[in-house]
Amino acid sequence: MRFIVSSQSLLKSLQSISGVLNSSNTLPILDDFLFELNGSTLKITASDLETTMTVTVETNMADDEGSVAIPAKILLELLKTYGETPMTFTVDNALGIEIAADEAKFRIAGHNADEFPRAPRMESVSALDLPADLLLTAINKTIFATGNDDLRPAMSGVYCDLSTDSVIFVATDAHKLVRYKRSDVSAENNSTFIMPKKPLNQLKGILPSDTTPVSIEYNDTNARFTFKNIDLVCRLIEGRYPNYEAVIPSDNPNTLIADRLSLITTLRRASFFANKSTNQIRLTITGQELFVDAEDIDFAHESRQRLSCNYSGEDMEIGFNSRFLVEMLTNLSTENIRLEMSAPNRAGILRPVEGENPAEDILMLVMPVMLNS
């Protein structure tokens, strides 16, 4: 097996799938990339058993089809030291890999390709095509709100609710919740599944921000995402997702509209003076004024800031975790935001005021914290 490939093309392709690799694996073969040469096309695979990613690369020259597993770390480190140069890979019958580049030669011990785990065969699948930029936006808007509780694995992923009139992506950790809905795309059948965080982070790093079509196939256990020369297959999270609609308050008569960037700056300043374990801040809204207060009794730190706003409703005081609010506001992109509230002990809802896309509906919910008297 012998082929010549561009070092930069190979490095870029390996980096696009290398995030799947774990730092410690139960199977030593999972520290490798699987190289499979078929004609002039080189297919490279990385896997952690739960997620498998494949990328295809066109070679400059290829002889003798075959396959071999190559240690990932040393290959990546070697490629990073080269600019654009052709590299010749020669694999002998003993799985020794000779790499020739410029005036240098390197030798790596390969492993048997048969030991490398194969991606699961997917049967009885449903299919859906989404534009890459829509999927990328949906991931960016939701993934930060996923939970990390091992006792509630369903909440550690993003819930995908695909129906014949819209697609909805939901993430929550019980303290905050994000629902991202698009009514300009739909699925052939109603179905739901929970995507794990790791493959979503992989997609987040490599999805193009254009309308490149992404083919999504899914069944009860796995999902496959295919676009350009990338193929990702992952195991879905089992379990029942909580009834997120039940926690979204429907009647919120108190509405505050404020400049998003000014509010982020104000909250960040307040967080310097808040208790570091609770990040608690107090919002006091009277008339058209918003006061943001924070204090850390242990260190005798306190702050009060005033912000102009547009408010309709009864005067009220409500406490929130400043870190959660900043996180949510950072993941909105409009100039002004609307904070809808009903009572100091009920969740607040953040929405963008002026949406760029009428088919897009973003709702972010944050639970209040009990204020000290």
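Any value given below was found using the heavy atoms of this structure, including those in side chains, with hydrogens, waters and symmetry copies removed.
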Rounded distance (nearest 0.5 Å) linking atom [atom1] of [X] with atom [atom2] of [Y]:
{"X": "I44", "Y": "L75", "atom1": "CD1", "atom2": "CG", "result": "8.0 Å"}
{"X": "L263", "Y": "L290", "atom1": "CG", "atom2": "CG", "result": "7.0 Å"}
{"X": "E77", "Y": "L11", "atom1": "CD", "atom2": "CG", "result": "10.0 Å"}
{"X": "L79", "Y": "L14", "atom1": "CG", "atom2": "CG", "result": "6.0 Å"}
{"X": "I29", "Y": "L34", "atom1": "CD1", "atom2": "CG", "result": "8.0 Å"}
{"X": "M328", "Y": "L339", "atom1": "CE", "atom2": "CG", "result": "10.5 Å"}

Which residues satisfy the side-chain contact (heavy atoms from CB on, under 4.5 Å) test with [X], sequence neighbours excluded?
{"X": "T221", "answer": "N219"}
{"X": "P71", "answer": "D32, I74, I108, H111"}
{"X": "A94", "answer": "D92"}
{"X": "E317", "answer": "R282, T284, L371"}

- Tell me, which pairs form a salt bridge (charged side-chain N to carboxylate O under 4.0 Å, His left out) where one or both residues lie in residues 203-219, sequence neighbours left out? none

- If you look only at pairs with a residue in residues 171-185, which of them pass as a salt bridge (charged side-chain N to carboxylate O under 4.0 Å, His left out), with sequence neighbours excluded? D173-K176, K176-E327, R179-E245, R179-D361, R182-D184, R182-E360

- Task: Run the numbers on I139 and L207 for side-chain contact (heavy atoms from CB on, under 4.5 Å), then give the verdict.
- Result: CA-CA 10 Å; I139 295 171; L207 277 169; 4.0 Å; yes

May I have the list of side-chain donor-acceptor pairs in residues 185-193 shorter than 3.5 Å, sequence neighbours left out?
| from | atom 1 | to | atom 2 | distance (Å) |
| --- | --- | --- | --- | --- |
| N190 | OD1 | T164 | N | 3.1 |
| S191 | OG | Y218 | OH | 3.2 |

- Yes or no on side-chain contact (heavy atoms from CB on, under 4.5 Å) for F89 and L10, after CA distance, side-chain angles and deciding distance? CA-CA 12 Å; F89 286 70; L10 182 58; 3.6 Å; yes

Suppose we screen for side chain to side chain donor-acceptor pair (under 3.5 Å). Which residues come up paired with [X], at least two apart in sequence or across chains?
{"X": "N229", "answer": "none"}
{"X": "T146", "answer": "K197"}
{"X": "K141", "answer": "none"}

Using residues 115-138 as the side-chain source, report each donor-acceptor pair under 3.5 Å to any protein atom, sequence neighbours left out, with the distance given to one decimal.
| from | atom 1 | to | atom 2 | distance (Å) |
| --- | --- | --- | --- | --- |
| R118 | NH1 | E36 | OE2 | 2.9 |
| T137 | OG1 | D133 | O | 2.8 |

- Message: Is there a side-chain contact between T334 and V353 in this structure, where contact means two heavy atoms from C-beta onward sitting under 4.5 Å apart?
- Response: no

- Is the closest side-chain heavy-atom distance between D149 and M155 below 4.5 Å? no

- Message: Assess the residue pair N279 and F324 against the criterion (side-chain contact (heavy atoms from CB on, under 4.5 Å)); give the C-alpha distance rounded to whole Å, side-chain angles, the decisive distance to 0.1 Å, and a yes or no.
- Response: CA-CA 9 Å; N279 297 294; F324 293 162; over 6 Å; no

- Message: Let's go through F33 and L76 carefully: what are the C-alpha distance in whole Å and the side-chain angles of both, what is the deciding distance for side-chain contact (heavy atoms from CB on, under 4.5 Å) to 0.1 Å, and is it a yes or a no?
- Response: CA-CA 10 Å; F33 290 119; L76 281 169; 4.0 Å; yes

State whether the number of non-hydrogen atoms from other residues, nucleotides or ligands found under 6.0 Å of [X] atom [atom1] is greater than 12.
{"X": "D165", "atom1": "CG", "value": "yes"}
{"X": "E58", "atom1": "CD", "value": "yes"}
{"X": "R346", "atom1": "CZ", "value": "no"}
{"X": "E314", "atom1": "CD", "value": "no"}
{"X": "R107", "atom1": "CZ", "value": "yes"}

Distance-only check: which donor-acceptor pairs under 3.5 Å involve side-chain atoms of residues 292-303, not counting sequence neighbours?
| from | atom 1 | to | atom 2 | distance (Å) |
| --- | --- | --- | --- | --- |
| D293 | OD1 | R304 | NE | 2.7 |
| D293 | OD2 | R304 | NH2 | 3.0 |
| D296 | OD1 | D298 | N | 3.2 |

- Message: I need the minimum non-hydrogen distance between Q305 and A270, along with the two atoms involved.
- Response: NE2-N, 3.4 Å

